[in-house]
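Structure record follows, encoded as structure tokens.
Just so you know, these numbers come straight off a predicted model, no measurement behind them. All chains are named by letter (A, B, ...) in the order of the sequence lines, taking the proteins before the strands, and each is independently numbered beginning at 1.
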There are 2 protein chains.
Amino acid sequence: MTKDVICETVGGDGCGLKKVLDIIGGKWKILILCAMKNQGPMRYGQLRKTIVGITNTMLAQSLKEMNKDGLVQRKQYDEMPVRVEYSLTPKAESMVPILMELKEWGEANL
Amino acid sequence: MTKDVICETVGGDGCGLKKVLDIIGGKWKILILCAMKNQGPMRYGQLRKTIVGITNTMLAQSLKEMNKDGLVQRKQYDEMPVRVEYSLTPKAESMVPILMELKEWGEANL
DNA sequence: CAGCATCCGTCACGATACTG
DNA sequence: CAGTATCGTGACGGATGCTG
């Protein structure tokens, strides 16, 4: 008997919506998500070139947080020089369709 | 031939997803959305009591912006004392199901 | 009752330089 | 190449008091 509500406890931190907004919020995370969704696994420098305007600080920090949140997987190849590839986890992939809907809603309504 | 992408131009402001996140972003707007979705039209003071922790500044500011963005309708009754009721617009209502999906995703995955 | 004005603190974000 | 370290700034949010 699921009630037709978004947040049962308004203001509570248990709200799933707040959690989601927390992990994809901020200025850059959805852009990183977009980039990797479009282009598949990407290297650090590739991401920096693709996402116009992002700095080392923000890219590194965002990737680290998204990795911790289980959205991004980091794979390091100990070659010379070092190569690191970032890719979306299945969890992140499963969120993308919903974000697509939101995107389409935004384009239709804003 | 819609491509399976979220943002065509990564970093561009034209992205519908960014627009949506802009109008429901911040600390309080989704909570306001939640409150009104759950309880229907609400008065100012009612909102302030329901949304634990919100201040006059933030509530008034958020409502004004959401009204400008077409998410919230303001109806003023010139009684004594003044009574004002806020309600969700059809546009906002149409966004709610998508937010519900995100919420459920968050609860299942976070 | 339903707000607005003002002041202030904090933190996300940015710029720059440097390292394994 | 793939980051870290440090410092600076501005916008967002909070506290308080006042008004139609």
Side-chain angles (χ1 to χ4, degrees), chain A residues 10-13 18-33 35-36 39-69 71-87, chain B residues 10-13 18-36 39-69 72-87:
Chain A
V10 176
D13 285 325
K18 272 194 91 172
K19 290 184 191 169
V20 174
L21 262 8
D22 272 356
I23 68 167
I24 64 165
K27 193 169 179 180
W28 300 108
K29 289 183 182 175
I30 52 163
L31 299 178
I32 296 174
L33 221 59
M36 290 173 52
Q39 308 198 24
M42 292 177 76
R43 303 180 60 175
Y44 183 91
Q46 206 177 350
L47 279 164
R48 203 177 42 192
K49 271 179 296 183
T50 305
I51 303 173
V52 181
I54 198 170
T55 60
N56 273 331
T57 315
M58 294 320 296
L59 179 53
Q61 185 182 113
S62 302
L63 285 172
K64 197 177 284 184
E65 287 175 14
M66 293 172 79
N67 179 254
K68 178 175 65 68
D69 293 330
L71 295 180
V72 160
Q73 182 158 28
R74 195 194 115 111
K75 193 172 282 179
Q76 176 168 342
Y77 301 90
D78 285 331
E79 306 167 351
M80 194 52 163
V82 190
R83 184 164 60 104
V84 179
E85 273 192 358
Y86 292 94
S87 54
Chain B
V10 176
D13 285 326
K18 274 195 90 171
K19 291 185 193 169
V20 173
L21 262 7
D22 273 357
I23 68 167
I24 63 165
K27 193 170 179 179
W28 301 108
K29 290 184 182 174
I30 53 163
L31 298 179
I32 296 174
L33 221 58
C34 293
M36 291 172 54
Q39 310 199 23
M42 292 177 78
R43 303 181 59 176
Y44 183 90
Q46 206 177 350
L47 279 164
R48 204 177 40 191
K49 271 179 296 182
T50 305
I51 302 172
V52 181
I54 199 169
T55 59
N56 274 332
T57 315
M58 294 321 295
L59 179 54
Q61 187 183 109
S62 302
L63 286 172
K64 195 179 285 183
E65 288 175 13
M66 293 171 79
N67 179 255
K68 179 176 65 68
D69 293 330
V72 161
Q73 183 158 28
R74 196 193 115 109
K75 193 174 280 180
Q76 177 168 343
Y77 301 89
D78 286 330
E79 306 168 348
M80 195 53 162
V82 190
R83 183 165 60 104
V84 179
E85 273 191 359
Y86 292 93
S87 54

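Summarising the geometry, the separation between CG on B/Leu63 and P on C/dC1 is reported as 17 Å, rounded to the nearest angstrom. When rounded to the nearest whole Å, the span between CD of B/Gln46 and P of C/dG3 equals 13 Å. When the P atom of D/dA2 is taken as reference, atom NZ of A/Lys49 falls 9 Å away, rounded to whole Å. Protein atom CG of B/Asn56 is 15 Å distant from nucleotide atom C1' of D/dG20, rounded to whole Å. At whole-Å resolution of the value, CE in B/Met80 and P in C/dC1 are 12 Å apart. Between A/Gln61 atom CD and D/dT6 atom C1' the separation is 14 Å, expressed in whole Å. Distance, A/Ile51 CD1 to C/dC13 C1': 15 Å, rounded to whole Å. Atoms OH (A/Tyr77) and C1' (D/dG3) sit 18 Å apart, rounded to a whole Å.
Distances were taken from every side-chain heavy atom of A/Trp28 (C-beta onward) to each of D/dG13, C/dC4, C/dG14; the shortest belongs to C/dG14. If you check D/dG14, D/dT4, C/dG3 against the side chain of B/Thr55, the one that comes closest is D/dG14. Minimum atom distance to the side chain of A/Thr57 is reached by D/dA5, of the listed D/dA2, D/dA15, D/dA5. Counting only heavy atoms from C-beta on, B/Arg74 has its side chain closest to C/dA2 among D/dA2, D/dG3, C/dA2. For A/Tyr86, the listed nucleotide lying nearest its side chain is D/dG3; candidates were D/dA15, D/dG3, D/dG17.
Residues A/Met42 and A/Gln39 are in side-chain contact: their nearest non-hydrogen atoms beyond the backbone lie under 4.5 Å apart.
Contact check on A/Arg74 versus A/Glu85 returns no salt bridge, with no Lys/Arg side-chain nitrogen under 4.0 Å from an Asp/Glu carboxylate oxygen.
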Legend entry - Test side-chain contact (heavy atoms from CB on, under 4.5 Å) applied to B/Gln76 and B/Val82, step by step: CA-CA 7 Å; B/Gln76 177 168 343; B/Val82 190; 3.8 Å; yes
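Taking side-chain N and O atoms only, B/Lys64 has a distance below 4.0 Å to OP1 or OP2 of C/dC4. Remark: B/Lys27 is in phosphate contact with D/dG14, judged by side-chain N or O atoms under 4.0 Å from OP1 or OP2.
Between A/Val82 and A/Met58, the residue anchored closer to the 5' end of DNA chain C is A/Met58, taking for each the nucleotide with the nearest heavy atom.
Contact annotation for A/Arg43: backbone-only contact, meaning every heavy-atom pair under 4.0 Å involves sugar-phosphate atoms and none involves a base.
In terms of modelled atom types and a separation under 3.5 Å, the side chain of A/Asn67 and the main chain of A/Val72 share a donor-acceptor contact.
Note that CD1 of A/Ile23 and CG of A/Leu71 are 4.0 Å apart. Values are rounded to the nearest 0.5 Å.
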